[in-house]
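Presented below is the structure to which this report refers.
Counting starts at 1 for both ligands and their atoms, in listed order.
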Amino acid sequence: MQTLRHFIDGHAVPSQDAKTFEKRSPLDNRVLYRVAEGGRAEIDAAVAAARRALHGDWARLTTDQRVAMLHAVADGITKRFDDFVAAEEADTGQPHHVIAHAFVPRGAANFKVFADVIKNVPTESFKLETPDGRGALNYAIRKPKGVIGVISPWNAPFLLMTWKVGPALACGNTVVVKPSEETPATTTLLGEVMNAVGVPPGVFNVVHGFGPDSAGEWLTRHDDVAAITFTGETRTGTAIMKAAADGIRDVSFELGGKNAGIVFADANFDDAVDGIFRSSFMNTGQVCLGTERVYVERPLFDRFVAALKARCEAVKYGRPSDAGSNYGPLISQEHRHKVLSYYAKAVAEGATVVTGGGVPAMAGELAEGAWVQPTIWTGLPETAAVVREEIFGPCCHIRAFDTEAEVIGLANDNRYGLSTTIWTENLARAHRMAESIEVGITWVNSWFLRDLRTPFGGSRQSGIGREGGVHSLEFYSELRNVCVKL
Ligand code: NAD
């Protein structure tokens, strides 16, 4: 059976103690391959390689040369497009169209977009007047921060990892990546692309393993890691922030959400149903920007619930390779256990189960997979656990509302503040709503439409900082001011 290895200093290497763990398929629970399990020794080796690379050939590249190299990385991914798609499909079990049309191409784009941003973003300059009349000139220069620790989740593994690695490298840093233990394959493949296009050894390193007391924790505690960029659960963010406090390391956090979808009675009905169906159920509900709370203006409520129910009941479960399948499993049995516990909790709290609520009947080997039904509830108070807590599964609670002020209050009554999607034909209202809902990202008559130049991040407990476009550069580089007396 294949064992995925770490990628350290340009080489695929096993763990020093030869420790491995197994990766199972979400589709049928069979063991797909084994993965080297890294700990302190592998993190030490990777960080040391990344530090050496900071001062080697990589540092000597001109910005133009670095930009060209990152374009070559993107082209190298595209050249091996089928390998990346197959690896991501095997790890996540998600439908072919999602991976081939969104996750892998956007992963490649992350290298080009941020390479282009670094070429075009200016720094500031101020002329200071001085008492002697000669003045002084201040200007800022942009420097890499150092070794960046990248810790990524499993829900869109390639896209979310490259979204951090792309700008980190564009700014001249080196990286040590700890991908999710559930989805290590595409990050490992990226190491091969880095070598193929001539990225110097040590610039991009990968150490596999888990979080606490494993590769993740050792990376966040390493003295030579200058900054940590993390996407994952808010609870994990708390642990990482504590680790980063020792050594005063900078953090950028993209965390959980419990996002509200809001549909007004004047919305384009078909577009709104389609938009909320995607925001609640795409990727089997495993999207941080997804909507697990839906609020529909009362005159439209019954019709909307019925239409969304019909969409849920029409999904075609299956393998990514099955013609006609458009719906995948959850990432793991463990995650299914969590999601099903919320399905049970909703019933115990008195929900009306509009559709779903259980496990679909799957034939043959697929019966062992992490499948769950898309699920809609109504009738719960806002205090119910499934209305308050992030489930990260294919489910939503739908509630009727009567006024704009009421729905703003409902949307804001949550500890998270990642995103919202608003459906209305009244644009003045849409703008008002966008100002009033306390989230980092508001979509109007759309969802998951991403321009990589825009600020991306969460308010409240959904994150710290913004990435995207110039905002990524603010995190991945350090501005130094130079003051020259004239
Ligand atoms: P997770 O927090 O369990 O794990 C994420 C990563 O952190 C994994 O690589 C894991 O091994 C590592 N990790 C866990 N504990 C650690 C520790 N103590 N120290 C260092 N590393 C540690 O998250 P997940 O279950 O993989 O992903 C789902 C979560 O991610 C959801 O909450 C979702 O909302 C969030 N998410 C947020 C965004 C965003 O942009 N805001 C995007 C995608 C996912």
Side-chain angles (χ1 to χ4, degrees), residues 21 23 26 35 37-40 43 91-92 103 106 149-164 176-184 187 206-222 225 228-246 249 251-259 282-292 330-332 334-339 389-393 414-419 439-441 448 450 452 454-468 471-472:
F21 63 94
K23 161 65 190 169
V35 188
E37 182 178 340
R40 199 171 200 158
I43 290 292
D91 272 3
T92 65
F103 291 174
R106 277 166 65 165
V150 178
I151 301 185
S152 49
W154 45 258
N155 60 311
F158 189 58
L159 182 151
L160 292 169
M161 179 268 300
T162 50
W163 159 252
K164 294 170 176 303
V176 176
V177 184
K178 209 299 281 172
S180 168
E181 53 274 30
E182 299 289 354
T183 52
T187 310
V206 181
V207 180
H208 296 296
F210 299 90
D213 200 22
S214 182
E217 182 174 344
W218 295 123
L219 182 58
T220 61
R221 291 195 178 283
H222 203 292
V225 170
I228 299 154
T229 175
F230 166 72
T231 301
E233 285 189 30
T234 297
R235 198 179 47 208
T236 311
T238 305
I240 292 177
M241 202 161 173
K242 286 181 183 162
D246 289 330
R249 279 181 289 273
V251 293
S252 173
F253 282 172
E254 293 170 353
L255 307 176
K258 187 73 180 177
N259 312 303
M282 188 185 115
N283 214 34
T284 319
Q286 304 165 117
V287 181
C288 57
L289 306 159
T291 50
E292 291 185 354
L330 292 171
I331 189 68
S332 64
E334 189 190 343
H335 190 48
R336 178 163 82 158
H337 183 72
K338 175 186 160 187
V339 171
E389 297 168 19
E390 183 186 50
I391 301 169
F392 219 53
N414 196 268
R415 72 187 178 112
Y416 293 110
L418 187 53
S419 74
V439 290
I441 304 140
F448 208 61
R450 288 278 298 123
L452 299 181
T454 61
F456 179 94
S459 305
R460 299 176 169 179
Q461 292 188 24
S462 288
I464 295 181
R466 294 290 178 271
E467 296 196 31
H471 309 283
S472 292

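Distances below 4.0 Å separate heavy atoms of Asn155 from the following atoms of ligand 1: 43 (C), 44 (C). Near Lys178, with a cut-off below 4.0 Å to any heavy atom, the atoms of ligand 1 are 8 (C), 9 (O), 10 (C), 11 (O). Listed by number with element, the atoms of ligand 1 under 4.0 Å from a non-hydrogen atom of Phe230 are 2 (O), 5 (C), 6 (C), 7 (O). Residue-ligand proximity, Leu418 to ligand 1, at heavy-atom distances under 4.0 Å covers atoms 41 (N). Near Pro179, meaning under 4.0 Å from one of its heavy atoms, ligand 1 places the atoms 9 (O).
With hydrogens and angles ignored, the 3.5 Å screen pairs no side-chain donor or acceptor of Glu254 with any backbone N or O of Gly458. The closest donor-acceptor contact from the side chain of Arg249 to the backbone of Ala243 lies under 3.5 Å. Put simply, the side chain of Ser462 gets close to the backbone of Gly256: a donor and an acceptor are under 3.5 Å apart. In this structure, the side chain of Arg460 engages the main chain of Asn414 through a donor-acceptor pair within 3.5 Å. Gln461 places no side-chain N or O within 3.5 Å of a backbone atom of Tyr416 that could act as its donor or acceptor partner. Not a single donor-acceptor pair under 3.5 Å links the side chain of Lys178 to the backbone N or O of Val150.
Residue contact check for ligand 1: Phe456 places a non-hydrogen atom closer than 4.0 Å to it. Residue contact annotation: Gly458 has no non-hydrogen atom under 4.0 Å from ligand 1. Ligand 1 lies out of reach of Gly463, whose nearest heavy atom is not under 4.0 Å from it.
Polar contact with ligand 1: absent for Ser462 (N/O pair, distance under 3.5 Å). Between Thr220 and ligand 1, a contact under 3.5 Å exists for no N or O pair. Between Thr231 and ligand 1, no pair of N/O atoms sits closer than 3.5 Å.
With a 4.0 Å cut-off on non-hydrogen atoms, Leu219 does not touch ligand 1 at all. Counting heavy atoms under 4.0 Å from ligand 1, residue Thr234 does not touch it at all. Counting heavy atoms under 4.0 Å from ligand 1, residue Ser152 touches it through the backbone alone. Here Ser214 has no heavy atoms under 4.0 Å from ligand 1, in either its backbone or its side chain. No part of Val287 comes within 4.0 Å of ligand 1, judged by heavy-atom distances. Looking at Arg235 against ligand 1, nothing comes within 4.0 Å, counting heavy atoms. Using a 4.0 Å cut-off between heavy atoms, Gln286 makes no contact with ligand 1 at all.
At a cut-off of 3.5 Å, with distance as the only test, no side-chain donor of Thr92 or Gln286 sits close to an acceptor on the other residue. Using a 3.5 Å distance cut-off with no hydrogens or angles, the side chains of Lys164 and Thr231 do pair a donor with an acceptor.
For atom 37 (C) of ligand 1, the closest heavy atom belonging to the protein is Leu255 O, 3.0 Å. Counting only heavy atoms of the protein, atom 39 (C) of ligand 1 lies nearest to Cys288 SG, 3.2 Å. Distance from atom 20 (C) of ligand 1 to its nearest protein heavy atom, with residue and atom name: Gly216 C, 3.3 Å. Distance from atom 35 (C) of ligand 1 to its nearest protein heavy atom, with residue and atom name: Gly232 O, 3.3 Å. Summary of contacts: the protein heavy atom closest to atom 12 (C) of ligand 1 is Ile151 CG2, 3.6 Å. The protein heavy-atom contact nearest to atom 14 (C) of ligand 1 is Thr236 CG2, 3.3 Å. The protein heavy atom nearest to atom 25 (O) of ligand 1 is Trp154 NE1, 3.0 Å. The nearest protein atom to atom 34 (O) of ligand 1, hydrogens excluded, is given as Glu390 OE2, 2.5 Å; this is a heavy-atom distance.
Among Gly211, Ala243, Gly257, Gly209, the residue whose heavy atom sits closest to atom 17 (C) of ligand 1 is Gly211. Considering Tyr416, Trp163, Phe392, Phe253 only, the shortest heavy-atom separation from atom 33 (C) of ligand 1 involves Phe392.
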Open item on the list: Run Phe230 and Leu219 through side-chain contact (heavy atoms from CB on, under 4.5 Å) and show every step you take.
Closed with: CA-CA 11 Å; Phe230 166 72; Leu219 182 58; over 6 Å; no
Open item on the list: Apply side-chain contact (heavy atoms from CB on, under 4.5 Å) to residues Met241 and Ile464 and explain how you reach the verdict.
Closed with: CA-CA 10 Å; Met241 202 161 173; Ile464 295 181; 3.7 Å; yes
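Results of the side-chain contact (heavy atoms from CB on, under 4.5 Å) test with Ile151 over Thr220, Thr236, Thr229, Val177 single out Thr220 as the only residue that passes.
The side-chain heavy atoms of Pro157 and Asp91, taken from C-beta on, include no pair separated by under 4.5 Å.
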